[in-house]
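Here the structure is laid out as structure tokens; the discussion comes afterwards.
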Amino acid sequence: MEIVASVKDLQNLLSEKRNSGEEIGFVPTMGALHEGHTSLIDTSVRERKTTVVSIFVNPLQFSAEEDLDDYPLSSEKDKEICANHKVDLLFCPTQKEIYPEGSPELEEIGEIGKILEGKSRPSHFQGVATVVARLFEIVGDAHVYFGEKDFQQVMVVNDLVKRRRFPVEIVACPTIRQIDGLALSSRNVYLTEDQRADAPVLYRALNMGAELIADGEKSSENLKKLISDIVRNESKGDLDYVDVVDSETFAPVNLLSDSGKKIRILIACKFGSARLIDNIGVVIP
Ligand code: AMP
């Protein structure tokens, strides 16, 4: 595995690979790697000849009140994990390398990025879109692997790719969970023992919601109420939102009556200082 910090070095190495006909798989991350990240890496390694992983904690996607200063870093361990998972190129750029102009102009985002996470974390998706656009410009032609754990992020990035016509193919990969259902997240390290015991309520409640739909529930309001009640009654979590959207358009869904339609139920909840998100896909029967 080669570790590079400069855009130029990365691009030189990528041109060599492309010249020998190798397809590029790219996995953008903010480090503190766990099995959620390595599942994306393993998929890329399996599917593409060359896999590039980037580790860059992007300040633009954190607001002033958020956890940028405390965001977990584990660079030596991350390097070891990447090498063990057969990454070819590890790109660890500095701020200056990604944003040579200091504060870049923020990327536009469509309506998809303005609801749910976009509403609770204003400018978050503009920050994500800005760094992702920068990374796509640097890496060029590639298959890019993202996790469905951040489902809305995948939708925002797909929209960005379409609007900016980046020569990339987005591959969305399933959420990796702990045995009790808690989605792996770099932010889980903030949970106290009690909060850690509470947090699996999110996936439990999402699954109860999926069962309610399978049993014929047609009202999104009833569904959201059931899920909210479970989270409030079975944990000390501070619920931010529960919502239901069309999996393809991300438009809010009020009636669960369209047989065969693919929907996503999304949830965000704070457990102490850790704000966790999760989601589940359901097909309306
Ligand atoms: P992050 O380092 O948090 O920006 O995440 C980098 C990538 O890993 C994103 O595409 C995330 O959606 C993905 N990811 C994070 N957690 C998980 C998980 N539990 N399962 C699958 N993918 C994940």
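First listed ligand is number 1; within each ligand, the first listed atom is number 1. Model, not experiment: these values are computed from the prediction.
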If I apply the N/O under 3.5 Å rule, does P28 come out as touching ligand 1? no

N-O pairing of K261 and D246 below 4.0 Å = yes

Taking both backbone and side-chain atoms of G147, is any N or O found less than 3.5 Å from an N or O belonging to ligand 1?
yes

Check: Are the aromatic ring centres of F56 and F91 under 6.0 angstrom apart?
Finding: no

When R275, R187, R121 are each screened for salt bridge (Lys or Arg N to Asp or Glu O under 4.0 Å) with D67, the one that passes is R187

- Can you find an N or O of I176 that's nearer than 3.5 Å to an N or O of ligand 1? yes

Taking only non-hydrogen atoms of L40 and a 4.0 Å limit, the atoms of ligand 1 in range are 7 (C), 8 (O), 10 (O), 13 (C)

*ligand 1 contact by P174, heavy-atom criterion under 4.0 angstrom*: yes

The atoms of ligand 1 lying under 4.0 Å from a heavy atom of F146, numbered in the order shown, are 10 (O)

| query | Does the pair R177/D278 count as a salt bridge with the N-to-O cut at 4.0 Å? | reply | yes

Does a salt bridge link R48 with E22, judged by any charged N lying under 4.0 Å from a carboxylate O? no

- Query: Do E137 and R164 sit within salt-bridge range, that is, some charged N less than 4.0 Å from a carboxylate O?
  - Reply: yes

ask   = Does any N or O atom in L184 lie less than 3.5 angstrom from one in ligand 1, N or O only?
value = yes

Note to self: Salt bridge check, D240 against K119: does any charged N sit closer than 4.0 Å to a carboxylate O?
What the structure shows: no

Closest to atom 5 (O) of ligand 1 by heavy-atom distance, out of M30, Q153, H37, is H37

Is any N or O atom of K149, backbone or side chain, closer than 3.5 Å to an N or O atom of ligand 1? no

*So is H34 in contact with ligand 1, going by heavy-atom distances below 4.0 Å?*
yes

Atom 14 (N) of ligand 1: of T43, V144, V154, D150, the nearest heavy atom sits on D150

Under 4.0 Å from one or more heavy atoms of T175, ligand 1 contributes atoms 20 (N), 21 (C)

Taking only Lys NZ, Arg NE, NH1 and NH2, and the carboxylate oxygens of Asp or Glu, determine whether E193 and R196 approach each other closer than 4.0 Å.
no

